[in-house]
Amino acid sequence: MANIASQRIKREFKEVIRSEEVARCSIRVELLDDNYSELKGEIAGPPDTPYEGGKFQLEIKVPETYPFNPPKVKFLTKVWHPNISSVTGAICLDILKDQWAAAMTLRTVLLSLQALMASPEPDDPQDAVVARQYKEFPEIFVSTAEHWTSTYAGGPRKKEEYSKMIEKLMGIGCDMDQALVALSSCNWDMNKAIEQIFG
Amino acid sequence: MGNCLKGTSNEDISLLRGNESSSDNQHDVIQSPPYRERVPVYYPAPNDRRPANQLSEEEQIRIARRIGLMEHLPILAYDDSINKNKECVICMIEFKIGEEVRYLPCMHVYHVSCIDDWLMRSFTCPSCMEPVDAALLTSYDTN
């Protein structure tokens, strides 16, 4: 890895560890290799959002051309959000693409992702299904996102009704992830979900 | 009009860094056989990396113009009594007194090699995001 990239990540890593956000357990980074090219990040779901109480793991890959190009970041924890793919975890955020600036750091990236979780941009979606639900059925969106947070990120809120529907689908041979995706994308309409899976 | 950025001659970015331009590196380029000739690489957009001979004429003109503008950005010795920034935010290494730093019109300073690499990708200040073009042109107008 190019010298400037690893040198910077080394310094940034120390900066993140000393930051007040780490002290508040709001963000965290962990090194995955010795040459500072792969890291694991973690952000806490922001308060007063459906993600509150959840911990979200991120894959961070640092390109050799860092900091001239942004780090490649995606969610490892499944999340229901208009700007994050519910399938791959890919993120649609301008600063991770063309609005990147060399002065941005791992810390500012993680904080920007937290801000994105708190204020989705449904008009610039990564996941069109989620974005449509966010706009057309905001209440269903909130309870669905909460259900995902509790299922995958350790969040506290789960709808009993949703759990029962998932169990029903699992009873007829679906796995849990498949059932949750189908029901979530069909706005919790059981018949449509069954049609989507088996149709 | 030909390939105005082809080859490592006059338009090479290393010219911006003063006397480094006659480095051994260039010598290598001239001596290597034609099929292995190293063509300088430019960034017509931040994530678009292409050798000079694969740039459109329009992109070449834009990059040449940018290099021209970059030459107008002053390089001065770092002075810790004037500059508030203690480190270059690109490499995060502290400035040494007397070290050459490049000033952007917004008065942010960086190591010359750090900021030149950045400006070739994006013509904005990495700290305040101010477009360097616009700022340069305004500073010409007011002077």
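Each chain gets a letter, A, B and so on, in the order the sequences are listed, and its residues count up from 1. Note that this is a predicted model, so its numbers are computed, not measured.
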Approximate separation, where rounding is to 0.5 Å, of A/Lys10 NZ and B/Met92 CE: 14.0 Å
How many angstroms lie between CD1 in A/Ile4 and OG in B/Ser113, if you round to the nearest 0.5 Å? 7.0 Å
Consider only side-chain heavy atoms of I, L, V, M, F, W and Y, link residues closer than 4.5 Å, and tell whether [X] and [Y] are in one cluster.
X: A/Phe13; Y: A/Ile60; result: yes
X: B/Val109; Y: B/Leu119; result: no
X: A/Leu106; Y: A/Met104; result: yes
X: A/Ile43; Y: A/Ile17; result: yes
X: A/Leu180; Y: A/Phe137; result: yes

Could you tell me which non-hydrogen atom of [X] sits nearest to which non-hydrogen atom of [Y], and how far apart they are?
X: A/Gln7; Y: B/Ile93; value: OE1-CD1, 3.2 Å
X: A/Ala101; Y: B/Pro126; value: CB-O, 3.5 Å
X: B/Cys91; Y: A/Arg11; value: O-CD, 4.2 Å
X: B/Ile90; Y: A/Arg8; value: O-CD, 2.6 Å
X: A/Gln99; Y: B/Met129; value: O-CE, 3.8 Å
X: A/Trp100; Y: B/Trp118; value: O-CH2, 3.3 Å

Who pairs with A/Gln126 by side chain to side chain contact (heavy atoms under 4.5 Å, CB included), at least two apart in sequence or on another chain? A/Ser85, A/Ala90, A/Cys92, A/Lys97
With a 4.5 angstrom heavy-atom cut-off, could you sort out which part of B/Ser122 is near chain A: side chain, backbone, both or neither? neither
Could you go step by step and tell me if B/Arg121 and A/Thr65 meet the side-chain contact (heavy atoms from CB on, under 4.5 Å) rule? CA-CA 11 Å; B/Arg121 291 167 164 87; A/Thr65 50; 3.9 Å; yes
If you count the non-hydrogen atoms of other residues, nucleotides and ligands that lie under 6.0 Å from CG in A/Asp33, is the total more than 12? yes
